[in-house]
Amino acid sequence: MQKFLIKDLAAQVGNEITLKGWASNKREGKGLAFIILRDGTGWCQCVVAQENVSDTCFEEAKKVSLETSLEITGKVVKDEKQIGGYEIQVSNLHIIGHSSDYPIAKKEHGVDFLTDNRHLWLRSQRQWAIMRIRNRIIFAIHEFFQKDGFVQMDAPIFTGNACEGTSNLFETDFYGDPAYLSQSGQLYGEAMAFSLGKIYTFGPTFRAEKSKTRRHLSEFWMIEPEMIFHDIFDNMDLIERFLRAVVTAVLNDCEKELELVGRDTAILKNIIKPFPRLTYDEAVKIIKGEVDVNGKNAIQSLEDELVLVNKRINTVEEEIKTREEKIKTPGMKKGEIGFNQAQIDKLKQELSDLEEQNRNIPQWLNSARNFEYGNDFGGSDETVLTRLFDVPIMVYNWPHEVKAFYLKRDPNDSRFARGVDTLAPEGYGEIVGGGERETDVNLLINKINEHQLPMEAFEWYLDLRRYGTVPHAGFGLGLERLVTWICKLPHVRESIPFPRMYGRLLP
RNA sequence: UCCUUCUUAGCUCAGCUGGUUAGAGCACAUGACUGUUAAUCAUGGGGUCCCUGGUUCGAGCCCAGGAGAGGGAGCCA
């Protein structure tokens, strides 16, 4: 077992202790080696000075390469310059497992390579920070619901019926019968709420969507609370309190991790402000640019963005050119060439992202301008809308045709269903979908027929209305999308330890 | 399913109008340097230019087909 951990070094200043872990980096000088040790709880520089250790020990230190596992004994010294604020002056060192040609270098890598090496990528600092934030989010979710009187219950993963239609389901063999991997625990959640009042499920969800976008996974974790005697407005109140609690927990406890992922926390701190609530009608007007919000016009701001993107493309191209010229000047130091080369690589990465945006934004503009009233929002519409806000927004009262069969019709206007989507700001889009459920058995039967779903598979669900129906509501939160927004990640793939995506099953 | 971008060393990328022996940085190996922060400096090894076919005196570069990856639309949390 490990007696001492890097995170606890503060209490050990002046003491000689033994740490166990991996070498995440090493720098060498004459008679001196600096090993950055990581043990899962943090990073710490260990200094091996030839004069302080035996010759065999120093030879051993020289053999340490990236990700070699080792045991290090030495004195803990305070040193503000270092990552964790402490340093080990090594007196003894012992290699546990060698590591040669570790594939992930101390440099930028492409996504394909990193995803192929996810099992090793997880060891890097940024991924470590994301996983810790993910963990804090999960814990905060449980804390919030448990304190609020919810009971955690589990929906089955094998299901015989499709919740919202048969497409996008992974089919498996269940003793000779077709079974589907759950794409939502929602219907089961309703049954469980009718027993325990307020429940939430927390489990994996599977969608066979052939989507290759920055916000889709084939396997993701969903949190689905369901509450009796809640209407859509109670539901929105809960969503708001819930998200506020989770984000606040991360802000309070993950300062270091947020810094490591480079998250500007100013926008997260806005979470204390009330979430704007828009009806579908209001949101459509904003998307189409007919109504301004916060002094900003959706179409205009997107057009401005396009201009900025183009300007930035020019600047970046110029800078690449300048640096390429600079490299060619004779007599330049090798180190300076390397530095410029690295800058050029970074700029090229930015350039290809910008060019991507340059291709996408005109499409989004087109789709926003021509948005047809009555349609569901597409990914780009959500982006266009949420770019204008600095807090999550809630859009409710959707045209009933575009939403799931189990949503309640608005009693004041039957064209609308009482669904609510919560969209994360900064262009991130939908993180929560939910609503008030239909309570009338006959309206439900009509809807099931309209959607051409197999009635026999839903008989048990209809029983919930036959035996003491009550008003109830709930929602589903996509954990990875929340992690992605809170960390401001460029892609969901970094928000889960081993992402399962269209075309990705390994590692 | 459709649109779009890409594929050159282990990794990240150059490679001009089609021209002779394909380059750089990182990583790796050896050596130098007592305090480095992606350390630095010197030397060295390392290539099926994604695959198949075509055009050409000549293809990493042009054409056709295929494979793989990125992003987007649809669909969705």
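Every chain is numbered from 1, with letters handed out A, B, ... down the list of sequences. Source: prediction; values computed, not measured. Side chains are part of it too, since the values below use all heavy atoms of this structure and drop only hydrogens, waters and symmetry mates.
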> With sequence neighbours excluded, what pairs up with R500(A) under the salt bridge (charged side-chain N to carboxylate O under 4.0 Å, His left out) test?
none

> For I431(A), report the nucleic acid contact type (base, sugar-phosphate, nothing); a contact means any heavy atom under 4.0 Å.
sugar-phosphate

> Pairing donors with acceptors under 3.5 angstrom, does anything connect the side chains of S211(A) and T213(A)?
no

> Report the secondary structure of RNA chain B in dot-bracket form, marking unpaired bases with a dot and bases paired to a different strand with |, and treating Watson-Crick or G-U pairs with both distances under 3.5 Å as paired.
(((((((..((((.....[...)))).(((((.......))))).....(((((..]....))))))))))))....

> Using ring pair (Phe, Tyr, Trp, His ring centres under 6.0 Å) as the criterion, list what pairs up with H216(A), not counting sequence neighbours.
none

> On a plain distance test, is the side chain of E355(A) in donor-acceptor contact with the base of G71(B) below 3.5 Å?
no

> Test for a donor-acceptor pair under 3.5 Å between the base of C76(B) and the side chain of H216(A), counting only N and O atoms.
yes

> Whole-Å distance between C28(B) P and E67(A) CD?
12 Å

> Distance check needed: G70(B) C1' versus L351(A) CG, whole Å only.
15 Å

> Looking for any heavy atom pair under 4.0 Å, which part of the strands does L217(A) touch: base, sugar-phosphate only, or nothing?
base

> What is the distance from CG of L66(A) to C1' of A38(B), rounded to the nearest Å?
11 Å

> Quick check on A14(B): is either OP1 or OP2 less than 4.0 Å from any side-chain nitrogen or oxygen of K348(A)?
yes

> Taking only N and O in the side chain of H491(A), is any of them less than 4.0 Å away from OP1 or OP2 of G71(B)?
yes

> Verify whether one side chain among E426(A) and W485(A) offers a donor that lies under 3.5 Å from an acceptor in the other.
yes

> Enumerate all atom pairs, one protein N or O and one N or O from nucleotides 4-6 of chain B, separated by less than 3.5 Å.
unit_1: U4(B); atom_1: O2'; unit_2: R359(A); atom_2: NE; d: 3.2

> Which of residues 111-125 of chain A have a heavy atom under 4.0 Å from RNA chain B?
V111(A), D112(A), F113(A)

> For nucleotides U40(B) and G35(B), find the distance between their P atoms and express it as a whole number of Å.
14 Å

> Hey, what's the ring geometry for Y280(A) with F377(A), parallel, tilted or perpendicular (30° and 60° as the breaks)?
parallel

> Looking only at the side chain of F34(A) (C-beta and beyond, no hydrogens), which of the listed nucleotides U37(B), C76(B), G35(B) gets closest?
G35(B)

> May F220(A) be described as stacking on the base of A77(B), applying a 5.5 Å centroid limit and a 30° limit on plane angle?
yes

> Between the side chains of R387(A) and S301(A), is a donor N or O closer than 3.5 angstrom to an acceptor N or O?
yes

> Looking across every strand, which nucleic acid part, if any, lies under 4.0 Å from E430(A) by heavy atom: base, sugar-phosphate, or nothing?
sugar-phosphate

> Out of C13(B), C33(B), U36(B), which has the shortest distance to the side chain of K30(A)?
C33(B)

> Given A39(B), is OP1 or OP2 found less than 4.0 Å from the side-chain N or O atoms of R27(A)?
yes

> So what does R214(A) hit on the nucleic acid, given a heavy-atom distance under 4.0 Å: a base, only sugar-phosphate, or nothing?
sugar-phosphate

> Out of A73(B), A38(B), U36(B), which nucleotide sits closest to the side chain of S380(A)?
A73(B)

> Quick check for you: among U36(B), G35(B), U12(B), whose closest atom lies nearest to any side-chain atom of V47(A)?
G35(B)

> Nearest of C11(B), G74(B), C13(B) to any side-chain atom of Q349(A)?
C13(B)

> Contact class for G429(A) vs. all strands (heavy atom < 4.0 Å): base, sugar-phosphate, or nothing?
nothing

> Ring pair (Phe, Tyr, Trp, His ring centres under 6.0 Å) with W128(A): which residues, sequence neighbours excluded?
W43(A)

> Could you check whether E28(A) gets within reach of a base, just the sugar-phosphate, or nothing at all, counting any heavy atom under 4.0 Å?
base

> Looking for any heavy atom pair under 4.0 Å, which part of the strands does Q357(A) touch: base, sugar-phosphate only, or nothing?
nothing

> Contact class for G31(A) (heavy atom, under 4.0 Å): base, sugar-phosphate, or nothing?
nothing

> Determine whether the side chains of R27(A) and Q45(A) contain a donor N or O and an acceptor N or O closer than 3.5 Å.
yes

> Indicate whether the side chain of E224(A) and that of S184(A) have a donor and an acceptor atom separated by less than 3.5 Å.
yes

> Measure from the side chain of W364(A), starting at C-beta and using heavy atoms only, and say which of G72(B), C75(B), G35(B) lies closest.
G72(B)

> Quickly work out the L32(A) CG to U37(B) P distance and round it to whole Å.
12 Å

> Would you indicate what D376(A) reaches in the nucleic acid, counting non-hydrogen atoms under 4.0 angstrom: base, sugar-phosphate, or nothing?
sugar-phosphate

> Does a distance-only test, which skips hydrogens and angles, find a donor-acceptor pair under 3.5 Å between the side chain of S211(A) and the base of C75(B)?
yes

> Please work out which of the three classes, parallel, tilted or perpendicular, describes the rings of F150(A) and Y200(A), given edges at 30° and 60°.
perpendicular

> Between A69(B), A73(B), U36(B), which nucleotide gets closest to the side-chain atoms of T213(A)?
A73(B)

> Salt-bridge test for E28(A) and K26(A): reply yes if a basic N is under 4.0 Å from a carboxylate O, no otherwise.
yes

> Say we look at U12(B) and G53(B): how far apart would their P atoms be, to the nearest angstrom?
28 Å

> Send over the distance from Y428(A) OH to A77(B) C1', rounded to a whole Å.
15 Å

